[in-house]
Amino acid sequence: MSGQSTYQPSNGFAKWLDARLPVGRLVWDSFVDYPTPRNLNYWYTFGGILSLCLGVQIITGVVLAMHYTPSAAGAFTSVEHIMRDVNYGWLLRYMHSNGASMFFIAVYIHMLRGLYYGSYKAPREVLWLLGCVIYGLMMATAFMGYVLPWGQMSFHGAVVITNLLGAFPIVGDAITTLLWGGFAVDEPTLKRFFSLHYLLPFMIAGVVILHVWALHVVGQNNPTGVEPKSKADTLPFTPYATVKDGFAMSVFLILFAVFIFFMPNALGHPDNYIRADPLVTPAHIVPEWYFLPFYAILRAVPEKLLGVLAMFGSIAVIFALPWLDTSKVKSMRYRPQAKLYFFIFLVVCVILGFCGAKLPDDQVIPGLTTFVLIDSDLNSFVWLSRVATLYYFAYFLVVMPLLGLIEKPLPTPETISSPVLGGEHKD
Amino acid sequence: MAHTAVDATNPAAGDDPSRRDFIHIAAITAAAGGGLAAVWPFVAQMNPAADTLALASVEYDLTKIEPAQQVTINWRGKPLFIRNRTPEQIAAAVKDDGAALRDPQTDAERHKEGKAEWLVLVGSCTHLGCVPTVGGGEYGGWFCPCHGSHYDTSGRIRKGPAPTNLVVPDYAFLSDTKVKIG
């Protein structure tokens, strides 16, 4: 969007429209002629993949809503009706339920790519914040969508998560009653979750437009973290980025199809095929896999309110990242120590996810008896979660601010093109 | 009042601070008040509807419950425990009245006078709302499988993450064999 537009209306109608609503010019400038850094790797294709995911979820979701009944009496039956009776209903539902998981796989890779290459640093802070808002909306949408089939996990997951808000002193009970529309998760809760689950994806689409707008104002970051300085550093979006994104989407769709056709319930929980019963709680409540690390953080803290605050804090801290990282160098390619802490962070996130799926008091090392410290045995998933939670927060609040000041980064290339084109500079 | 309108040809006329500020503040206040009033119904509709509130009480015939048995009934969409306690269970609860409790209450405060055998509790764990199983845990009361809270035979929290005792709802004995909850 910066610089002169090179759009040339190709016929009389395009010329006429361009003078009245220059939408062709907008598309040309944003997705054809738009300069992208020439060194973008495949980690940069997940933005495109994510818009594909959003499209798939909206299209399948709109169709599923034509067959679904948002009522406590009818929801579970209508989902079974979709699975057994509706033509291709099984396919549409599996696309939608696995689509949510694929969406989160893509968004986590997209976020970690931003973290690794310093894509949140000036001048891309607002771009990062908008991305965080999208992620928050995605979590809300996914949580409410999981409640809609009204199975045992749907129901008791909703009970546990809404009860989290009851932890706040004084206003807690009023908040939960307001959320439920009653004295427990029930009919009114299901109906409002359905309404909001339908609304939020369109809000996500709106924020995505802002996200892409912000991206096109500041330009894409790239693996070197060095801003493009000349035409030699960039390539036009079409065909280079479109073809690369298209290839990545194709590979991603193959993985998606493997889940849909060969293991459609691998990421779900069998208890959700049991109709919701408010009087019986499943023995082991777990959220969907993409929430497990946050669930582990919640359970790591022995006090209810502090646990809830730690869980929300673990998301809030991501918003603050642009102001926590003090490094002058963007890309961790030139930050050997930051790279080390980043990969530990990656492992810690996986460990937290693992802990979130386990019963908190189960032993990490079977058979080893230790002693109880702060309400829990040292050899338990609670303590593993505690250590991992500590690193999670320390990474953002201690490592990020301090490392930028003490680390000595490797020399960064002068321009993007110099290592590629052998130091040749063309302006 | 004919000459109160701002005279564009006379800049000084529009510079009367008190008068102009008053109009701005009054207009903004009215708009903000109107805006809040318009938002109110949209928030208030989320609270329990009149029919939900109307269904808020249930009656139960206690003769259906044998000693040492518990029934679970649906009250306001939540499980409600009515437990017919044995003398040993009552004694165990009374004995622990003086123990170090997280949410101190005596057993007598948790049942109606002279009706020590009948314990009426909301069957939602005070941690995150799971349904505790009867007879489990280290104190023989209830055990919550979700995050491991132990309750004693008076429904008091003894161990685990739950912050408070199982809630005793408002209820009354209509006769010796009938209770009304809510």
Side-chain angles (χ1 to χ4, degrees), chain A residues 72 155-167 169 172-192 195-196 276-286 295 298-308 359-362 372 375-376 380 382, chain B residues 42-58 70-82 102-103 122-134 136-138 142-150 157-164 167 169-170 181-182:
Chain A
F155 182 87
H156 291 281
V159 169
V160 168
I161 300 299
T162 49
N163 265 307
L164 290 180
L165 299 167
D173 285 341
I175 291 176
T176 48
T177 306
L178 188 77
L179 268 182
W180 292 333
F183 305 106
V185 173
D186 209 337
E187 180 93 19
T189 327
L190 175 62
K191 286 209 160 78
R192 63 190 54 177
S195 171
L196 294 173
D277 181 356
L279 303 188
V280 181
T281 302
H284 184 194
I285 293 217
V286 279
Y295 194 54
L298 166 77
R299 297 194 302 188
V301 184
E303 207 272 332
K304 182 171 160 182
L305 179 61
L306 290 178
V308 173
L359 284 171
D361 290 327
D362 276 1
V372 173
D375 273 354
S376 292
S380 68
V382 173
Chain B
F42 289 89
V43 176
Q45 58 80 24
M46 288 177 72
N47 267 319
D51 61 336
T52 310
L53 293 170
L55 289 172
S57 65
V58 290
Q70 169 186 296
V71 296
T72 306
I73 59 173
N74 191 327
W75 177 63
R76 295 178 166 184
K78 277 183 194 171
L80 186 89
F81 296 154
I82 306 176
R102 186 175 302 167
D103 182 10
V122 176
S124 283
C125 180
T126 56
H127 182 227
L128 293 172
C130 295
V131 184
T133 51
V134 67
E138 293 174 16
W142 287 267
F143 175 70
C144 180
C146 288
H147 306 96
S149 292
H150 301 250
I157 180 66
R158 302 301 292 270
K159 190 184 169 190
T164 56
V167 174
D170 285 332
I181 299 111

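Chain identifiers are assigned alphabetically (A, B, ...) following the order of the sequence lines, protein sequences preceding nucleic acid strands; residue numbering begins at 1 within each chain. Reckoned from all heavy atoms, side chains included, excluding hydrogens, waters and symmetry mates.
- Contact count versus chain A (heavy atoms, under 4.5 Å) is highest, among B:Gln45, B:Arg76, B:His127, for B:Arg76.
- Applying the disulfide (SG to SG under 2.5 Å) criterion to B:Cys146, with sequence neighbours excluded, gives B:Cys130.
- A:Trp180 is linked by a side chain to side chain donor-acceptor pair (under 3.5 Å) to A:Thr162, counting only residues two or more places apart in sequence or in another chain.
- With chain B as the partner, the residue from A:His156, A:Arg299, A:Glu187, A:Arg192 showing the most heavy-atom pairs under 4.5 Å is A:Arg192.
- In this structure the side chain of B:Leu80 never reaches within 4.5 angstrom of the side chain of B:Thr72, judged on heavy atoms.
- Of all the listed residues (B:Leu128, B:Val131, B:Leu53), the one sharing the greatest number of non-hydrogen pairs under 4.5 Å with chain A is B:Leu128.
- When side chains are defined from C-beta on, B:Trp75 does not count as touching B:Ile82, because their heavy atoms never get closer than 4.5 Å.
- In this structure, no portion of A:Ile175 lies under 4.5 Å from any heavy atom of chain B.
- For B:Thr164, no part sits under 4.5 Å from any heavy atom of chain A, backbone or side chain.
- Counting heavy atoms from C-beta on, the side chains of B:Ile157 and B:Thr126 never come closer than 4.5 Å.
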